[in-house]
Amino acid sequence: MRTRPATGPSPFLKPPAAGRAPSQTRMISAGSSAPSSPRVRASQRLDVLMTWLATLLLVALLIYELVGIYPFVRLEAGSAGVADGDARRRLILLAMFAAGLLLCASRPREALRLAKACWPILLILGLMAASVLWSRFPHLTLRRTIVYWIYLVIIVGVTVWIRPAPRLLAVCAVTCAIALALDLVATAVVPGRSWTPIGLAALHLHKNMAGSFAFIALAFIGPQFFVARSTMTRLAIIGMFAAGIGFLLLTQSKNSIGAFAITWLAILPTLVLLRSGRGPAALIMALLASGLALAFVLSGALDWSFSTWIELGSGDASFTGRTDLWRVALGYINQAPLVGDGFGAHWSVPDAAHPLLDKVGWWSGNHQLMLRYNQSHNGYLDLAVQLGLTGIALVLVYLVVLFAALARVFRLVPGDRRHLAPVYGVACLMIGILLLNTLESSLFFPASSAGTILLLLSVLVFDWSATLTRARQSRQPRASSARAAPSLR
């Protein structure tokens, strides 16, 4: 009589072999005929449980950052509380921090190894902590720096338990797809609460936040089309991707729409051509992407519409908009060029110390409108305002190391579409967030969902690169010894 083959945990729940202790790996691989000891079975059950905890924590982090905990509540004026959240948000963040600590403590060697690989991030967070010494508001700097360290612990804990990297990206894609579906259902069921006078916000605080979420969700969902194996799953992904584009357009978030168009129509083809070795064609696409990026920044900075571009040859374009904010930011940078005002001590401060209070601009004469602004709408300028040229230098080091690690991932992953598609998605999303950072502050900026996603992707890329490099190095000695072994013939 034929017997049914034994089945283990599903691939999604199966703990990665890289995280097991060597003794456990030897015991498991000792032979399928020998029954597993109770200790090994208990260890396997614990691994499954911790993998579930990491998965749920990642889902919670994505919902917390991209959707929020207060659906249909709209963003109102910016005071000090905007960047710090209320008591409920802090309690949820602390609960996630406790779960992240537990995950790190369960695999301390893996967590420490990953933290070591993330050394550029640690340098920047160390400068944030040191800026307490010269901050205008030390208590705000300390509080907002601690929040960034909490995020890092959560992300490291999640990353060491959800491996390999494509599995983590699949969890992100499923979570974003569910959140996007809820947005669409909310829009259809309660349109009066989903629409705002300036665009569709759905469950989010603001239509621009809804647009940012749609841009991020599409970058996670799109590559899964090439990863999925069944036709029905691929059809579902196509439908969700098309619905996501429609939702993005309905938000009327010009920045997110522009970033989406540039990344998918110019940056993605450039990366594909580079990976395939077509240098001249990649150069042409890179120049096109650069031109589109420049037009994107000018449109956002100068508040230009499509008609403005048409009239540039004969019209008198208005140079209002973000440029007034940038001029004020440059003035603050000149006051403390080396180390800045301190992390999180410039914007979202008490109203009496608002950075625009005594500055002249289009906000002059409208105090309430002025208080609503809590960033310079350029993350690179805000970074220089908070951490000075020292912070800019450390961020440049971080970006160089990050993209070097990403290039290493491109080289080491298999060359088929199923393995390359997630890497392309990560690259496009990171470049898109950095592009958006020219108009919306997110890079190492307090209370920025896009900045948290970039931190997540950065830790993922550092871990992915290190894991692939170790795997390649472990194969090389075996291949060398096999070549050096004498023939038995």
Side-chain angles (χ1 to χ4, degrees), residues 61 64-66 68 75 78-85 89 93 120-121 123-129 131-132 135-137 140-152 155 205-206 208-209 211-213 215-216 255-256 259 297 300 322 325-326 328-330 332-333 336 339-349 354-356 372-396 398-399 402 429-459:
L61 177 64
Y64 180 87
E65 285 296 311
L66 296 177
L75 181 65
S79 61
V82 171
D84 302 316
R89 284 181 56 88
L93 185 61
I121 298 176
L123 287 180
I124 297 172
L125 268 59
L127 179 62
M128 290 181 185
S131 69
V132 172
S135 172
R136 290 198 307 153
F137 297 95
L140 293 180
T141 297
L142 180 61
R143 184 190 307 164
R144 293 165 185 175
T145 300
I146 290 174
V147 169
Y148 247 98
W149 281 97
I150 288 175
Y151 280 132
L152 182 62
I155 292 170
L205 290 173
H206 192 272
N208 286 338
M209 294 182 177
S212 177
F213 159 72
F215 167 70
I216 293 170
N255 295 341
S256 297
V297 174
R322 287 175 170 84
L325 292 170
W326 295 357
V328 172
L330 289 173
Y332 279 108
I333 293 171
V339 293
D341 290 342
F343 178 73
H346 187 75
W347 295 102
S348 296
V349 295
H354 196 283
L356 300 180
R372 295 182 61 180
Y373 283 85
N374 55 6
Q375 57 169 290
S376 300
H377 284 279
N378 184 299
Y380 304 103
L381 289 179
D382 273 329
L383 189 67
V385 169
Q386 296 178 96
L387 298 177
L389 297 179
T390 305
I392 293 292
L394 291 182
V395 167
L396 287 175
Y398 150 76
L399 291 176
L402 175 62
L429 183 51
M430 290 198 307
I431 295 173
I433 291 175
L434 293 174
L435 180 59
L436 278 172
N437 192 58
T438 59
L439 300 176
E440 301 286 342
S441 300
S442 58
L443 181 63
F444 295 106
F445 191 76
S448 169
S449 58
T452 304
I453 298 301
L454 183 60
L455 182 65
L456 170 65
L457 295 176
S458 300
V459 174

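Atoms considered below: every heavy atom in the structure, side chains included; atoms not considered: hydrogens, waters and symmetry mates.
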I'd like to know whether L383 forms a side-chain contact (heavy atoms from CB on, under 4.5 Å) with F444, so could you lay out the CA-CA distance, the side-chain angles of the two residues, the decisive distance to 0.1 Å, and finally the verdict. CA-CA 7 Å; L383 189 67; F444 295 106; 4.2 Å; yes

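- Nearest heavy-atom pair across A450 and I433 is O-CD1, 3.7 Å.
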Kindly indicate, with the supporting measurements, whether the criterion side-chain contact (heavy atoms from CB on, under 4.5 Å) is fulfilled by Y380 and L434. CA-CA 9 Å; Y380 304 103; L434 293 174; 3.6 Å; yes

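- For N378 (side chain) and T438 (main-chain N/O), a donor-acceptor pair under 3.5 Å exists by modelled atom type.
- A distance-only check finds a donor-acceptor pair linking the side chain of H377 to the backbone of L439 [under 3.5 Å].
- Under the 3.5 Å distance criterion, the side-chain polar atoms of S212 are left unmatched by any main-chain donor or acceptor of N208.
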Intermediate values then yes/no, side chain to side chain donor-acceptor pair (under 3.5 Å), Y398 and S458: CA-CA 9 Å; Y398 150 76; S458 300; 2.6 Å; yes

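- A donor-acceptor pair shorter than 3.5 Å cannot be found between the side chains of S376 and Y332.
- Between the side chain of S131 and the backbone N or O of F343, at least one donor-acceptor pair lies under 3.5 Å.
- For L152 against I121, the heavy-atom pair with the smallest separation is CD1-CG2, 4.3 Å.
- Distance alone, capped at 3.5 Å, places no donor-acceptor pair between the R136 side chain and the D341 backbone.
- The residue from L381, L356, D382 that alone fulfils the side-chain contact (heavy atoms from CB on, under 4.5 Å) condition with L325 is L356.
- Pairing each heavy atom of S442 with each of N437, the nearest pair is N-OD1, 2.8 Å.
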